[in-house]
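Worksheet for the structure shown next.
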Protein chains: 2
Amino acid sequence: MGKTTRLLPGEGTDKRGPDGYLGYLLRQAANGYRHRVETSLRETGLTQPQFAALTMLDAYPEHSSADLARIALLTPQTMSTILRNLENAALIRRHPHQEHGRKRRIELTDAGRQVLVRAKRLVYALETDLAEGFSEEEQRTVRRWLVAAGGRSLEGGATKP
Amino acid sequence: MGKTTRLLPGEGTDKRGPDGYLGYLLRQAANGYRHRVETSLRETGLTQPQFAALTMLDAYPEHSSADLARIALLTPQTMSTILRNLENAALIRRHPHQEHGRKRRIELTDAGRQVLVRAKRLVYALETDLAEGFSEEEQRTVRRWLVAAGGRSLEGGATKP
DNA sequence: TGCCCATTGTCAGAACTCTGATATTAATGT
DNA sequence: ACATTAATATCAGAGTTCTGACAATGGGCA
């Protein structure tokens, strides 16, 4: 039996690499980047979605869970899950909204603010890696493509006239 | 009518849209595209990862679960989960490999082949949408960026010298 | 006033993805 | 021959994401 040395198809053979399907490359890119982010965030214990939620909450403290879901293009259930985990970790706090009966006000705790400061440094370093090797114009092309590819997916839209 | 109200911050205000962080845009793009793919695949009952796994198995019928995980840049556990669901749905079959004791040979069932034919038509239509509005050169830029962003994430690599 | 409906939030269940741990088998080294 | 290492596959548990279903609140309209 020879040692067929790692001839996995795909190095230049098939749909991998720069010749692959865009959808396939998109999924792998997102998986790979998330993996790198969470490895880097390991010491903070945050996941990529948790980091994104904390960042949004810090920027827009008035927003409800439903608001955040709309901003992030996620379903209310998904955002609810992420916030529940942040609350269990004592990084956010929720208390009943005075005027609006069902709404709840969300706040970062001190621990939440502290961990967010550390996490931002780690993630922004990776963010600059993401642009490395691409000109300003190329980056604009990439951004434009990403926005088009996402395509405001869950836009319940139509609002039925 | 209009109902242009939707004043959530982020239309042109902040980190959303084409000015947002690349990592953030990447996650949203992948989420949105996956959502569109699975909506389109609804009638087949397949998910995007299941579709990818079936496609790979059809192209490389000799490969084991571990091989597929390497090709797709996923962990063996993840690929194992996907294959288990495909097996429960009777779209693939696994029987013990003759020569190699622990390896298992994976095969598409007739149902698996049939569903894959239908799914390919649905997904490839979306794939062309993904390139619409971008020149050949711009598409090359996007592909190159996606490959760099993914960065062969889990490459256990180094193999400890 | 009282009913309809949109908004907000949650529970349940499924699939994907990771880390960590474990068992089994093959290949290798002394 | 025996021990070590590598590869394959799986179990367990956590977090993210969806669909589907439901309760509670608030506003609008007959």
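Note that the coordinates shown come from a computational prediction; the quantities given were computed from them, not determined experimentally.
Within 4.0 Å of A/Thr78, counting heavy atoms only, lies at least one base atom of the nucleic acid. Across all strands, A/Thr81 comes closer than 4.0 Å to base atoms (heavy-atom distances).
OP1 or OP2 of D/dT17 has at least one side-chain nitrogen or oxygen of B/Arg27 nearer than 4.0 Å. Remark: B/Thr75 is not in phosphate contact with C/dT19, judged by side-chain N or O atoms under 4.0 Å from OP1 or OP2. Between B/Asn85 and C/dA14 there is no side-chain N or O to OP1 or OP2 distance below 4.0 Å.
Side-chain atoms of A/Asp67 come within 3.5 Å of backbone N or O of A/Ser64 as a donor-acceptor pair. In this structure, A/Thr44 contributes its side chain and A/Val115 its backbone to no donor-acceptor pair below 3.5 Å.
Residues satisfying the salt bridge (charged side-chain N to carboxylate O under 4.0 Å, His left out) test with A/Glu62, not counting sequence neighbours, are A/Arg105. Here B/Arg93 pairs with B/Glu107 under the salt bridge (charged side-chain N to carboxylate O under 4.0 Å, His left out) rule; sequence neighbours left out. Among residues two or more places apart in sequence or in another chain, the side chain to side chain contact (heavy atoms under 4.5 Å, CB included) test is passed with A/Glu127 by A/Tyr33, A/Leu130, B/Tyr21, B/Leu22. Judged as a salt bridge (charged side-chain N to carboxylate O under 4.0 Å, His left out), and not counting sequence neighbours, A/Arg140 has no contacts.
Rounded to whole angstrom, the span from the CD atom of B/Gln50 across to the C1' atom of C/dC16 amounts to 9 Å. Rounded to an integer number of Å, the gap from CG of B/Leu41 to C1' of D/dC18 is 14 Å. Distance B/Leu46 CG to D/dT19 P: 16 Å, rounded to the nearest Å. If you measure from atom NE2 of B/His95 to atom P of D/dT8, you get 19 Å, rounded to the nearest angstrom. Taking atom CZ of residue A/Arg34 and atom P of nucleotide D/dT17, one finds them 9 Å apart after rounding to whole Å. Rounded to whole Å, atom C1' of D/dA6 lies 11 Å from atom CZ of B/Arg70. Rounded to an integer number of Å, the gap from CG of A/Leu74 to C1' of D/dG15 is 13 Å. Between the CD atom of A/Glu87 and the P atom of D/dG15 there is a distance of 14 Å, rounded to whole Å.
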At a cut-off of 3.5 Å, list every protein nitrogen or oxygen paired with a nitrogen or oxygen from nucleotides 9-13 of chain C, distance to 0.1 Å.
unit_1: C/dG9; atom_1: OP1; unit_2: A/Arg104; atom_2: N; d: 3.1
unit_1: C/dG9; atom_1: OP2; unit_2: A/Ser65; atom_2: N; d: 3.4
unit_1: C/dG9; atom_1: OP2; unit_2: A/Ala66; atom_2: N; d: 3.0
unit_1: C/dG9; atom_1: N3; unit_2: A/Arg102; atom_2: NH2; d: 3.4
unit_1: C/dT10; atom_1: OP1; unit_2: A/Arg104; atom_2: NH2; d: 2.5
unit_1: C/dT10; atom_1: OP2; unit_2: A/Ser80; atom_2: OG; d: 3.4

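Sorted by first then second residue, the salt bridge (Lys or Arg N to Asp or Glu O under 4.0 Å) pairs that include residues 43-55 of chain B, not counting sequence neighbours, are B/Glu43-B/Arg118.
DNA chain D is contacted by both A/Thr47 and B/Arg42; A/Thr47 maps to the nucleotide lying nearer its 5′ end (nearest heavy atom per residue). Nearest-nucleotide assignment on DNA chain C puts the 5′-proximal partner with B/Pro49, out of B/Pro49 and A/Thr39.
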